Amino acid sequence: MTDLFREVEEDLRREQFSKLWEKYGIYVIGLAVAIVLVVAAAVGWRAWSHASRVEASARYDELVAELEEGAAPEEAAAAFDNFAAETGGGYETLARLQQADRLLEAGERDAALAVYEEVANDASLGLVRGMATVKAGLIVVDTASYDDMKARMAPIMSEDSPWHGNALELLALVAMREGAWTDADGYVKRIIANPASPSGLRDRAHVIQALAAPHLPPPAAAPADTETEGSAAAEAGTETSPEMQQTPAAETPAETE
């Protein structure tokens, strides 16, 4: 009897499953196919990206080696510009920085500044963005106003930025040029106090500090301790000399007789 009930139950389950499969089987198959396609696409994309990066790396290395053999700065800048236009990702950014460096060597400061600022304004680049910000600041350090340099350095002024010290140095130089000697001294003191500052940066900060020192206001004199001085005066007024202590008291008439 028990076996009969079990067989009936199994038949009912098979029948229910068959009905469910007829109703939803196409969706299950579609979902399975979609998962397979997504996984295959992801694997294919990774393989293609890796191959593209390897190819871009090889082309970049070849270009750098070729241009180091004595190419003129203008020619090198144009070559890196073409490479950046044909490549994406990190090697495009490296090519842009190389292009800006070559433009600067060629004396085209405005063009180099434009490329550096293009990289510096790309919020997705992180560390490289900070380097471009510093290099752009170095180009305009002789002409930018104090407020302009503050705005330029704002993105890398946080304490955890690796370019924080360079930003402080640029601000100190512009502040010194505009006569804000106290600000300049404050910036370089922060560089010197930071144990992570590179030795070269710290040495330059000491030079700026020495140049600013003659222009700083004299330190405020310490206030006199009036309470101590008053106590000393009171003690001096009440103290009697040895001669006064040894003088005998005046004799009375009875004693003189």
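Since we're looking at a predicted model, the values are computed, not measured. Worth knowing before you read on, the calculation uses all heavy atoms, side chains too, and leaves out hydrogens, waters and symmetry mates. Residue numbers run from 1 in the order of the sequence given.
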Just by modelled atom types, is the Ala84 backbone N or O under 3.5 Å from a matching donor or acceptor in the Thr87 side chain?
-> no
Considering all heavy atoms, the nearest Val141-Val174 contact = O-CG2, 3.8 Å
Nearest heavy-atom neighbours spanning Ala132 and Ala120 | CB-N, 3.8 Å
Please name all residues satisfying side-chain contact (heavy atoms from CB on, under 4.5 Å) with Asp203, sequence neighbours left out, ordered by chain then number.
-> none
Among all residues two or more places apart in sequence or in another chain, which pass the side-chain contact (heavy atoms from CB on, under 4.5 Å) test with Glu159?
-> His164, Arg190
Could you tell me which residues satisfy side-chain contact (heavy atoms from CB on, under 4.5 Å) with Lys189, sequence neighbours excluded, listed by chain and number?
-> Asp185, Gln209
Scan for ring-ring contact (aromatic ring centres under 6.0 Å, His included) pairs involving residues 124-162, sequence neighbours excluded, and state none if there are none.
-> none
Side-chain contact, heavy-atom cut-off 4.5 Å: Leu168 with Val188?
-> no
For Met153 and Gly137, which heavy atoms make the closest approach, and how far apart are they?
-> CE-CA, 4.2 Å
When rounded to the nearest 0.5 Å, the distance separating CG of Asn166 from CG of Leu201 is 6.0 Å
Would you list the pairs meeting side chain to side chain donor-acceptor pair (under 3.5 Å) in which at least one residue belongs to residues 124-142, sequence neighbours left out?
-> Asp101-Lys135, Asp122-Ser124
Closest heavy-atom pair, Phe83 versus Leu63, reported as atoms and distance to 0.1 Å, is CB-CD2, 3.7 Å
Determine which pairs satisfy ring-ring contact (aromatic ring centres under 6.0 Å, His included) with at least one residue from residues 114-133, sequence neighbours left out, and list them in order.
-> none
Sorted by chain and residue number, the ring-ring contact (aromatic ring centres under 6.0 Å, His included) partners of Trp181 (sequence neighbours excluded) come out as His215
Any pair counted as salt bridge (Lys or Arg N to Asp or Glu O under 4.0 Å), so long as it reaches residues 160-178, sequence neighbours left out | Glu169-Arg204
Residues pairing under side chain to side chain donor-acceptor pair (under 3.5 Å) where one sits in residues 71-81, two or more places apart or in two chains, turn out to be Asp81-Arg96
Pro217 and Thr182: which non-hydrogen atoms are nearest, and at how many Å?
-> CD-OG1, 4.0 Å
Salt bridge or not for Glu108 and Arg102, using N-O below 4.0 Å?
-> no
Answer whether the closest heavy-atom distance between the side chains of Leu103 and Pro73 falls below 4.5 Å.
-> no
Could you identify which residues cluster with Ile192, counting Ile, Leu, Val, Met, Phe, Trp and Tyr as linked when any side-chain heavy atoms lie under 4.5 Å apart, either directly or through a chain of such contacts?
-> none
Residues that Asp183 engages under salt bridge (charged side-chain N to carboxylate O under 4.0 Å, His left out), provided they are two or more places apart = none
Yes or no on side chain to side chain contact (heavy atoms under 4.5 Å, CB included) for Glu92 and Glu86, after CA distance, side-chain angles and deciding distance?
-> CA-CA 8 Å; Glu92 177 187 0; Glu86 299 170 355; over 6 Å; no
Only counting residues at least two apart or in another chain, list the ones meeting side-chain contact (heavy atoms from CB on, under 4.5 Å) with Asn121.
-> Glu117
